[in-house]
Amino acid sequence: MTARSAFISFEGIDGSGKSTQLDLLAERLRAEGHEVLLTREPGGSPGAEEIRALVLQGDPDRWSAETELLLFTAARRDHLERTILPALAAGKIVLCDRFADSTRLYQGLSRGDLRQAVDTLHTLMIGTEPNLTVLIDINPALGLRRAKSRHGTEERFEDFGESLQARMRQGFLTLAEEQPHRIHVIDGDRSIDDVAQDIFNLVQSFLA
Ligand code: ADP
Ligand code: TYD
């Protein structure tokens with residue numbers, strides 16, 4: 001990485017406002033003269049976008065948690081090799097909608113305890129963490145309401161229901177307590193502008 005590059009991920013349950021806030025942050029950072037790459041997981045490279053359709057569409061029980069873990073990890077490896085690492089090498093700020101923390105929770109905790117397998121695969125195949133993670137925290141019922149209001153086709157995880165969202169929210173907060181230097185919690189249950197201002201302040205002080 002060069003001095004100007006940074007790898008920043010956004011995490012949070014479905015509907016917490018990640019995509020909305022990523023767009024606003026990218027716009028503000030570009031206006032300040034930064035080169036920004038906005039990307040997402042699962043996806044962010046042609047091969048990983050193909051895997052995205054496999055994991056986000058269809059029945060909730062389409063894949064076991066183990067198979068899902070392999071698919072998400074394959075997608076992440078491709079995304080890292082072809083998109084993230086080249087952008088960091090070129091001195092860009094990489095803003096990524098979800099990264100490995102999502103796998104730690106959604107595949108690691110949602111159906112049985114696969115956390116050890118998630119960590120082992122991460123070490124073997126990914127081995128990279130964001131420099132900064134913005135965790136947008138929101139009430140699960142509100143998140144699900146917002147996510148469902150999009151009426152999209154990628155609803156496989158939303159279809160697991162509110163109890164899964166509640167467990168994922170708690171899991172994200174626990175991760176943030178374990179890694180306070182990397183993961184910063186932002187209250188997402190406020191106006192879009194208020195949330196955006198807090199995130200911008202956080203990222204600016206991080207970059208400084
Ligand atoms: P995520 O990417 O985390 O799933 P989105 O950014 O797509 O979340 O937001 C989900 C929905 O909620 C969108 O329709 C968006 O316009 C809306 N939304 C996002 N942030 C807020 C907010 N702070 N207040 C009200 N609605 C919001
Ligand atoms: P995303 O497109 O960010 O959905 P949303 O905008 O609703 O938050 O992510 C789609 C889903 O993929 C989300 O429900 C969480 C899931 N997911 C995993 O299960 N594991 C992963 O490693 C990642 C990156 C996402």
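The figures here come from the full heavy-atom set of this structure, side chains too, leaving out hydrogens, waters and symmetry mates. We're numbering straight along the sequence, starting at 1. Whatever order the structure lists them in is the order used to number ligands and atoms, beginning at 1.
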Atoms in ligand 2 with a heavy atom of E41 nearer than 4.0 Å: 24 (C)
Test item: R98 side-chain N/O and K18 main-chain N/O as donor-acceptor pair under 3.5 Å: no
Shortest reach to atom 18 (N) of ligand 1 by a heavy atom, considering only Q21, R40, R146: R146
N or O contact, D97 vs ligand 1, cut-off under 3.5 Å: no
4.0 Å heavy-atom contact, G12 with ligand 1: no
Ring centre gap for Y106 and F72 strictly below 6.0 Å: no
Electrostatic pair D23-R28, nearest N-O below 4.0 angstrom: no
Within 6.0 Å of CD in Q179, more than 12 heavy atoms from elsewhere: yes
Side-chain donor or acceptor of Q204 paired with backbone N/O of L29 under 3.5 Å: no
Crowding at CZ, R115 (>12 non-hydrogen neighbours, <6.0 Å): yes
Polar atom proximity, G15 to ligand 1 (N or O, under 3.5 Å): yes
D14 N/O under 3.5 Å from ligand 1 N/O: no
R52: numbered ligand 2 atoms lying under 4.0 Å from its heavy atoms: 2 (O)
Option whose closest heavy atom lies nearest to atom 3 (O) of ligand 2, chosen from R98, Q107, E11, Q165: R98
Lys/Arg-Asp/Glu bridge criterion (N-O < 4.0 Å) met for D14, R146: no
R104 CZ to L109 CG distance, which is reported to the nearest 0.5 Å: 11.5 Å
Geometric N/O contact T20 with ligand 1, under 3.5 angstrom: yes
Polar atom proximity, Y106 to ligand 2 (N or O, under 3.5 Å): no
Heteroatom proximity flag, V195 to ligand 1, N/O under 3.5 Å: no
Modelled atom types, side-chain donor and acceptor of H79 and T39, under 3.5 Å: yes
Numbered atoms of ligand 1 (with element) below 4.0 Å of S191, judged on heavy atoms: 23 (N)
Any E68 heavy atom less than 4.0 Å to ligand 2: no
Atom indices of ligand 1, in the order listed, that fall short of 4.0 Å to a heavy atom of K18: 1 (P), 2 (O), 3 (O), 4 (O), 6 (O), 8 (O)
For T103, atoms of ligand 2 separated by under 4.0 Å from a heavy atom: 21 (C), 22 (O)
4.0 Å heavy-atom contact, R76 with ligand 2: yes
Whether R62 side chain and L54 backbone form a donor-acceptor pair below 3.5 Å: yes
Side chain, backbone, both or neither: L56 near ligand 2, heavy atoms under 4.0 Å: side chain
Under 3.5 Å donor-acceptor, R169 side chain and I138 backbone: yes
